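The model shown is predicted, which means the values in this text are computed figures rather than measured ones. Below, read A as the first sequence line, B as the second, and so on, with proteins coming before strands; counting in each chain starts at 1.
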Amino acid sequence: MLDLTQLNDEQKKAVRLTDGSIIIFAGAGSGKTRVITYRIAHMIENGVNPFNILAITFTNKASKEMKDRIFELTDYSSNIWVSTFHSFCARILRIEAEHLGYSGNFSIYDSDDSDRALKNCIKELDINDKNFPAKSVRFKIGQFKDELRSPKAVLENAFDIREETIGKIYEHYQKKLLTSNAMDFDDLIYKTVEVLKKNPEILNKYQERFKYIMVDEYQDTSKAQYMLVKLLADKYKNICVVGDDDQSIYGWRGADVKNILRFSEDFQNTTTIKLEQNYRSTKNILGVATNVIKNNYNRKEKVLWTENNEGEPVKINKTNRDIDEADFVSANIKRLIREENYSLKDIAILYRTNAQSRLLEDSLIKNAIPYRLFGGVRFYERREIKDVLAYLSVISNPKDEVSLMRIINVPKRGIGDATVKKVSQIGMLNDISFFEVLQNEEYSKSFGSKAKSLREFYELTAKLIQSSKVMPVDELLKLILNETGYTQSLIEEDPLNLDGRIDNIDEFVNKAYQYTLDNVDGSLEEFLQEISLIADIDNYKDGDDAVSLMTIHTSKGLEFPCVFLTGMEEGIFPTYRATIGETADDLEEERRLFYVAITRARKEIYLSSSLSRLQRGQINYNAISRFVREIPEEYTSDNMAKIKSMLKDEARTQKQKINLKADNYSKLVTPKNITLDFEVGDTVMQKKYGEGVVKEISPAGKDYEVSVYFEEHGTKKFMALLSKLKKV
DNA sequence: CGTAGTTTTGTTTTT
DNA sequence: CAAAACTACG
């Protein structure tokens, strides 16, 4: 019998209410995960078949943990489908691929692969890639997919000529993906919705299967994800979503807070439950979090409270240089270990951008403090790993053009751009894939002197495909590394293994081996899928005794006794873009991010900032973050008064020296010894874009930032010194 | 045609 | 400070 005595009244209510539509507003640290797992356990105990339960989590790590916890409570877990949106969709699509003209072994493209495919599309359509950079086109296409708009729909209602062009690229890109038998991240959701919408019998199958649906972190679902949930839940209407609008931090990725705010309008007879008691943090920490977040205009009013004690005041520190900030963190970590009895794994260092990790790492290494770094250049995104992965992808799905292009001349085989172009033209003319051109010997005459290299490459790949059918992934991997000479080429490139690429390759082989142990009959496809949907945090293990370093985004859902929040500076956190934004939305999301960061901590928080910071090669002087200013003094350590007066001075200096918007106090230092030979209104010459009109000049560190309007390209920003603007 | 060196450009956050 | 884009050489 499930023991509910540990739960508070609201939690019990949420657990017991298994049917109908329910929304749970769960404040930070309110025992949300516990409620979800108990709820599922309770359902099973009351006769719900585990087979009929679907639970969507935000990360693979969260889904693994949830499965473990449910298993502890009920002895069930294998039948319950617990996964992220992306994994869930990938799994459905493997089964239903044929209905979309795909086959089940489709590749999943990450953003890097998508960009490569897009670049090719843009080139093939003869569109100026300067005006349509792959990255921004990908972003826009992602938005279309999230709004469930097909290429056709986009082209039909194109808002302007630019949108029409992007529509054309979108159309071509989808064709290319289909011939490559590949899907990008957004496709996973979009295509799943498509297949369910177009095929009522398939929809019915999954509605019957998933009679009970739960979605965690609902505040971070996108429109398309919302549609998916709505479709699945439409028949039985047993839907429970859990979230916190104050923790919505993925707006830039299409997450729509409105999904959570509007839930009760979308589903009839919704029960609303609020979990407002915090079990995680001290009163001081909670005080900081709630007092800052209440400055947001766009939110549901709520009162978080805790029975925990006051705890330590929140510590605020400011150093002169960024290096000193890192040393401040290291020194305090040592003190916490030595004097306060914390262990390394109790401590996290958080920051806004990955680039900030470097200095922190240097200092930790210098002080011999073990650490684990999450994020940054992800393991599976490293060049050497992506190369090897591309081999695996081609073996699994020879139509995968992006992967094929990646490896065709790696290691060097004398097959350059010109040859590749020739092959792909033949492919397009005959409407066959790149690989099929290589396969068919009748085309080899067209390749002249390169025919031999191409043939050799084809035979190598064909051989590897044969081998893949009879050997486990790790063996196949070793075979690839030997047969292609890839390892050899890495050794030649860097004989002393200075950049550790060989080590990474070894680690990858180990991971593959581990995979074969964990999944005895796991296929190559499944291995690839698992890798492509892996998140940084999924590798987090509780056991390692080391300090954790990660971005605030990555830290979502975790908790640590001690948290260092670094780089509390205007222009960094909140990020520069949010400080100049026209609308308050970006700034509010930054504030929610601050809220998330603070509520990760259980006992101690250190907020640090630095007067000067090296950013992309130049020293910048940033003011202390506005979020620090928003903290009431009562929650902070004694030096707050000192800091406060420092802040006041800063603000005053700002007003005197710089004539900027009232709420922008991010730059302290005005340029010295620089005079510009132009002013606002003048026409200037820029190397890349030609002539344009100066719209705004603002000081930025030692340089000036100049906004210039170009008739054809719109407004661009330049650093005056760096870009050598000339008056015309 | 393919590569190696040089110049330019740019920054959030990630499934 | 790097990665990416461009240019000149063999």
Side-chain angles (χ1 to χ4, degrees), chain A residues 56-63 83-90 108-112 114-115 119 129-130 133-135 139 142 146 183-189 217 220-222 224-225 248-255 350-356 358-359 374-378 380-381 383 409 412-422 448-450 453 493 529 531-538 550-556 567 571-579 581 586 589-590 592-593 596-597 614-620 686-689 705 716-719 722-724:
Chain A
I56 301 283
T57 57
F58 197 70
T59 61
N60 291 300
K61 175 178 172 276
S63 76
S83 69
T84 64
F85 269 111
H86 291 269
S87 312
F88 172 77
C89 291
I108 298 172
Y109 279 179
D110 67 12
S111 1
D112 183 59
S114 299
D115 285 350
K119 263 184 203 151
D129 59 344
K130 292 280 179 307
K135 260 185 156 185
F139 187 73
D146 188 48
M183 299 197 199
D184 65 20
F185 283 141
D186 301 310
D187 275 333
L188 293 176
I189 317 290
E217 307 282 6
D220 284 320
T221 51
S222 68
Q225 289 168 343
S248 163
I249 54 174
Y250 284 92
W252 49 274
R253 195 173 87 179
L350 307 182
Y351 35 79
R352 178 67 240 265
T353 64
N354 283 304
Q356 289 166 252
R358 205 186 203 115
L359 282 178
F374 299 90
V377 183
R378 281 202 273 307
Y380 293 107
E381 278 169 17
R383 195 195 78 196
N409 203 28
K412 309 233 154 62
R413 308 189 166 86
I415 304 175
D417 288 348
T419 315
V420 167
K421 208 171 172 183
K422 215 180 268 175
S449 61
K450 297 291 168 195
S453 317
E493 196 181 299
Q529 169 171 323
I531 285 172
S532 59
L533 298 179
I534 216 155
D536 289 324
I537 204 64
D538 295 340
M550 64 189 89
T551 64
I552 305 167
H553 282 90
T554 307
S555 77
K556 188 167 95 153
I572 299 211
F573 190 25
T575 185
Y576 176 68
R577 278 191 60 136
T579 63
D586 289 344
E589 182 151 315
E590 293 289 306
R592 290 194 292 270
L593 198 52
V596 168
L614 192 68
Q615 288 171 283
R616 50 165 136 145
Q618 64 169 338
I619 296 173
N620 285 349
Q686 205 273 343
K687 234 180 163 176
K688 191 168 153 193
Y689 298 104
E705 189 181 78
K716 305 268 176 197
K717 283 184 180 159
F718 305 95
M719 298 307 273
L722 238 60
S723 58
K724 301 183 184 106

* To do: Classify the ring geometry between A/Tyr250 and A/His553 as parallel (under 30°), tilted (30 to 60°) or perpendicular (over 60°).
  =>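 Ring orientation of A/Tyr250 relative to A/His553: perpendicular.
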Under 4.0 Å between a side-chain N or O of [X] and OP1 or OP2 of [N]?
{"X": "A/Lys412", "N": "B/dC1", "value": "no"}
{"X": "A/Thr419", "N": "B/dG2", "value": "yes"}
{"X": "A/Thr554", "N": "B/dT14", "value": "yes"}
{"X": "A/Asn60", "N": "B/dT15", "value": "no"}
{"X": "A/Asn409", "N": "B/dT3", "value": "yes"}
{"X": "A/Arg413", "N": "B/dG2", "value": "no"}

For atom [atom1] of [X] and atom [atom2] of [N], their distance in whole Å:
{"X": "A/Leu359", "N": "C/dC1", "atom1": "CG", "atom2": "C1'", "result": "12 Å"}
{"X": "A/Ile415", "N": "B/dT3", "atom1": "CD1", "atom2": "P", "result": "11 Å"}
{"X": "A/Lys422", "N": "B/dC1", "atom1": "NZ", "atom2": "C1'", "result": "10 Å"}
{"X": "A/Ile619", "N": "C/dC1", "atom1": "CD1", "atom2": "P", "result": "10 Å"}
{"X": "A/Lys556", "N": "B/dT13", "atom1": "NZ", "atom2": "C1'", "result": "12 Å"}
{"X": "A/Gln356", "N": "B/dT13", "atom1": "CD", "atom2": "P", "result": "9 Å"}
{"X": "A/Glu217", "N": "B/dT13", "atom1": "CD", "atom2": "P", "result": "20 Å"}
{"X": "A/Asp112", "N": "B/dT14", "atom1": "CG", "atom2": "C1'", "result": "14 Å"}

Which pair of heavy atoms, one from [X] and one from [Y], lies closest together, and at what distance?
{"X": "A/Val596", "Y": "A/Ile249", "result": "CG2-CG2, 4.0 Å"}
{"X": "A/Ile552", "Y": "A/Ala597", "result": "CG2-CB, 3.6 Å"}
{"X": "A/Val420", "Y": "A/Ile415", "result": "CG2-CG2, 4.1 Å"}

Look at the side chain of [X] and decide which nucleotide, out of [options], has an atom nearest to it.
{"X": "A/Asn354", "options": "C/dA2, B/dT15, B/dT14", "value": "B/dT14"}
{"X": "A/His553", "options": "B/dT15, B/dT14, B/dG2", "value": "B/dT14"}
{"X": "A/Thr353", "options": "B/dT15, B/dT13, B/dG2", "value": "B/dT13"}
{"X": "A/Arg616", "options": "C/dA2, B/dT15, B/dG10", "value": "B/dG10"}

* So do A/Thr84 and A/Phe58 actually touch side chain to side chain, heavy atoms under 4.5 Å? -> no
* Check step by step if side-chain contact (heavy atoms from CB on, under 4.5 Å) holds for A/Asp220 and A/Ser248. => CA-CA 6 Å; A/Asp220 284 320; A/Ser248 163; 3.9 Å; yes
* Asked: Under 5.5 Å between ring centres and under 30° between planes: true for A/Tyr250 and the base of B/dT13?
  ->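 No.
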* To do: Give A/Arg358 one of three labels, base, sugar-phosphate or nothing, depending on what nucleic acid heavy atoms sit under 4.0 Å from its own.
  => sugar-phosphate
* Pairing nucleotide - B/dT11, Watson-Crick or G-U, each distance under 3.5 Å -> none
